[in-house]
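Everything below concerns the one structure shown next.
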Protein chains: 2
Amino acid sequence: MSHETPSARRPGRPRSATADRAILDAARAAIAESGWAGVTLGGVAARAGVAKTTLYRRWPGKNELVLDALADLFDSLRLPDHGSLARDVEDVVLQFAGLLREPRTRGALMAVLAEAAHDAALRERIRVSIVARQKHLVRQGRERAQTRGELPAEPDAAAAERNADMVFDVIAGAVLHRLLVSAEPVTAAWAAAFATLLTRGLAALTDPAGQDPAAQ
Amino acid sequence: MSHETPSARRPGRPRSATADRAILDAARAAIAESGWAGVTLGGVAARAGVAKTTLYRRWPGKNELVLDALADLFDSLRLPDHGSLARDVEDVVLQFAGLLREPRTRGALMAVLAEAAHDAALRERIRVSIVARQKHLVRQGRERAQTRGELPAEPDAAAAERNADMVFDVIAGAVLHRLLVSAEPVTAAWAAAFATLLTRGLAALTDPAGQDPAAQ
DNA sequence: GGGTTACGCTACGGCCCGTAGCGTAAGTCA
DNA sequence: TGACTTACGCTACGGGCCGTAGCGTAACCC
């Protein structure tokens, strides 16, 4: 996943790709069954039919393993073209909420985020394997919206990047907060209302007559 | 904190209020020093000058203790009146980000949320001691904005409640996500842009000509 | 074959959890 | 004052999991 692909083949016995997949599958299963607290590296190893030491040879600890096991989940997100930005956002929001429908998956994700709060290396790992990997959705949506004329073009690249980050934080943050802290479901109605709020607000934000766009 | 206040004085030796405060202070200190993983109930007890058993007599476990230790932090949030909804939102966003400036505080909060994902009792505890206790800020802001004429009045109470929940999720979610997942600071410029996005979007959302407000 | 790396297995020290048991301290009530 | 009730401090314990060390074996390259 985030391991170096041995471009130059090294001598010695190669790592078993089968074991890699077995371990990640076992980790996902363990998460689904017993949540974060229920995941023990010993248990994952046993379930994967692998020695515990093999596990420690590949991942520094529980956080990194679970993160890798979760990262793939988000790769299934797609931005369909419904003809309007709001509809597209609504669709992606529902997809995202669907991925986190399982409470234990939510728990595992949050736990990793929690550890990241005081672990810079883990934070970087998250940034690479989840955030950066999904940010293309935001860029894609913006391009479409600008082509449609729904959103004005940003004055410069820096402003465009700031707005993309903002959109990402607002979407992912709102959905996570609703599911996890408020503990209420993301329904179609909620997604529609949220998409309206976001797209209207975004139009105002990008509008040059909107506010002072003082850079950070 | 969330214990029953002994309205009718019971017989026997009363619980030491001093110990309660000492334990919560010790827990906060432990969080600040070593983050979630570093908090051990044994350690907290020792630091508080209290027997470990005393701790277990009052809190079911680590989650509940840390939650109680964190809940007070949010009570300092205030909604100042700057004359415009956007400015008020901006102010509160900066306050909120300020509370979470300390990475270890963020970690402790996130860890509690993570556990809550698969612990309904803890979820309820969070809902009561944090979410419900701070939601008055949203209601207050809405009332002011409607008095000022910045926002239209909602058609009915249910719609008003839905919007309030939405605002809460968007604000808290976006700030948390930016600080924790994106790992970028909440600057004054970011807060201003976010406040613009939210207030403009909210105006569109509440606008009767906005979209179909199909209830959930 | 020799060299190199990965694997499975076992065993271990260490830390922390959560509880039990006991004697003692601090209150209430008669 | 003395009986009663509840909280406290202390010690001890079984149990679980962590993360590592050591060893023999398996797979791959030259």
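For the numbers below, each heavy atom of this structure counts, side chains included, while hydrogens, waters and symmetry mates do not.
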Taking only N/O atoms, report every protein-nucleotides 16-18 of chain D pair under 3.5 Å with atom names and distance.
unit_1	atom_1	unit_2	atom_2	d
D/dC18	OP1	A/L41	N	3.2
D/dC18	OP2	A/L41	N	3.4

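- As a whole-Å value, the separation of A/R15 CZ from C/dT5 C1' is 10 Å.
- Nearest-nucleotide positions on DNA chain C place A/S16 closer to the 5' end than the other of A/S16 and B/P60.
- Side chains of A/H177 and B/H177 form no contact here, defined as non-hydrogen atoms less than 4.5 Å apart.
- Contact check for B/W190 versus B/V93: side-chain heavy atoms found under the 4.5 Å cut-off.
- Nucleotides of DNA chain D nearest to B/G12 and B/R57 differ in position, and the one nearer the 5' end is that of B/G12.
- Candidate nucleotides D/dA7, C/dT19, D/dA21 were compared by shortest atom distance to the side chain of A/T53, and D/dA21 ranks first.
- Here A/E102 pairs with nothing under the salt bridge (Lys or Arg N to Asp or Glu O under 4.0 Å) rule; sequence neighbours left out.
- Computed from coordinates, the B/E64 CD to C/dC17 P distance equals 14 Å when rounded to whole Å.
- Rounded to whole Å, the distance from CZ on B/R47 to C1' on D/dG9 is 20 Å.
- Side chains of A/F74 and A/V131 form no contact here, defined as non-hydrogen atoms less than 4.5 Å apart.
- A donor-acceptor pair is defined here as one N or O able to donate and one able to accept, closer than 3.5 Å; such a pair exists between the side chain of A/R106 and the backbone of A/R101.
- Comparing atom distances between the B/P11 side chain and each of D/dA27, D/dT5, C/dT4 picks out D/dT5 as nearest.
- Within the 4.5 Å cutoff, the side chain of B/D165 has no heavy atoms near those of the B/R162 side chain.
- Donor-acceptor pairing under 3.5 Å, judged by distance alone, is present between the side chain of A/R13 and the base of D/dA26.
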